[in-house]
Amino acid sequence: MNVKPIPKALLGESLVLILPTTTGTLETPISNVRVERTQSVSGLSTRTPKNSAEITVWADHKNSTWAEFPVGAKVKYGGETFEIIEQKLYKDSSGAPHHVKFTARIIGENGDEAV
């Protein structure tokens, strides 16, 4: 079975992958991904709403900057910081990586992480 890459027309956005290291963090620019953002407000009162924004990201093995996106890693997108909460790697019939899809939840805005 021949699996085609994600079409370039569906890609084109960028983000920064943030991975912990023994001395701090490593920031890797990732390009040519597809990002869909969802946002909701939760809370019992309209006086204390909570921003529950999430992004779903697709990265293609051939047409995107390829990296591992482990659960718990952070990404910066659109001036906000998100934490990866779910990730799935899709493989072709030979077992080679085809694309990865992950969901990340907002943890900070404007460069500040939420506590």
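Inter-residue side-chain proximity for Ser52 and Ile106 is flagged as unmet; no heavy-atom pair is nearer than 4.5 Å. Side-chain contact between Glu54 and Arg105: present, with at least one pair of heavy atoms (C-beta onward) separated by less than 4.5 Å. Side chains of Ile6 and Lys62 form no contact here, defined as non-hydrogen atoms less than 4.5 Å apart. Within the 4.5 Å cutoff, the side chain of Trp58 has heavy atoms near those of the Thr56 side chain. Residues Val75 and Ile84 form a side-chain contact, since some pair of their non-hydrogen atoms from C-beta on lies under 4.5 Å apart. Side-chain contact between Lys101 and Glu86: absent, with no pair of heavy atoms (C-beta onward) separated by less than 4.5 Å. Under the 4.5 Å side-chain criterion, counting only non-hydrogen atoms from C-beta, Phe69 is in contact with Leu17.
One finds the CD atom of Glu68 at 8.5 Å from the CG atom of Leu89 (value rounded to the nearest 0.5 Å). Between the NZ atom in Lys91 and the NE2 atom in His99 there is a gap of 13.0 Å [rounded to 0.5 Å]. Atoms OG1 and CG, on Thr28 and Leu26 in that order, are 4.0 Å from each other to the nearest 0.5 Å.
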ring-ring contact (aromatic ring centres under 6.0 Å, His included) evaluation trace for Tyr90 with His98: CA-CA 6 Å; Tyr90 294 85; His98 180 268; 8.2 Å; no
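There is no path of hydrophobic side-chain contacts, each under 4.5 Å, that joins Leu11 to Val57. Taken together through direct or relayed side-chain contacts under 4.5 Å among Ile, Leu, Val, Met, Phe, Trp and Tyr, Leu15 and Trp66 form part of one hydrophobic cluster. Hydrophobic cluster membership differs between Leu10 and Phe102, with clusters built from Ile, Leu, Val, Met, Phe, Trp and Tyr side chains linked at under 4.5 angstrom. Cluster annotation: Ile55 and Ile18 are assigned to distinct hydrophobic clusters (Ile/Leu/Val/Met/Phe/Trp/Tyr, side-chain heavy-atom contacts under 4.5 Å, transitive).
Listed here is the closest heavy atom pair of Ile107 and Lys74: CD1-CE, 3.4 Å. Nearest heavy atoms, Ala53 versus Arg37: CB-NH2, 3.4 Å.
Judged purely by atom type and a 3.5 angstrom limit, Asn32 has no side-chain atom pairing as donor or acceptor with the backbone of Lys8. The backbone N or O of Ala96 lies less than 3.5 Å from a partner atom in the side chain of Asp92, making a donor-acceptor pair. Glu80 contributes no side-chain N or O that, together with a main-chain N or O of Phe82, makes up a donor-acceptor pair within less than 3.5 Å.
In this model, no donor atom of one side chain and acceptor atom of the other lie less than 3.5 Å apart for Ser31 and Ser14.
Scanning for ring pair (Phe, Tyr, Trp, His ring centres under 6.0 Å) contacts around Tyr77 gives an empty result, with sequence neighbours left out.
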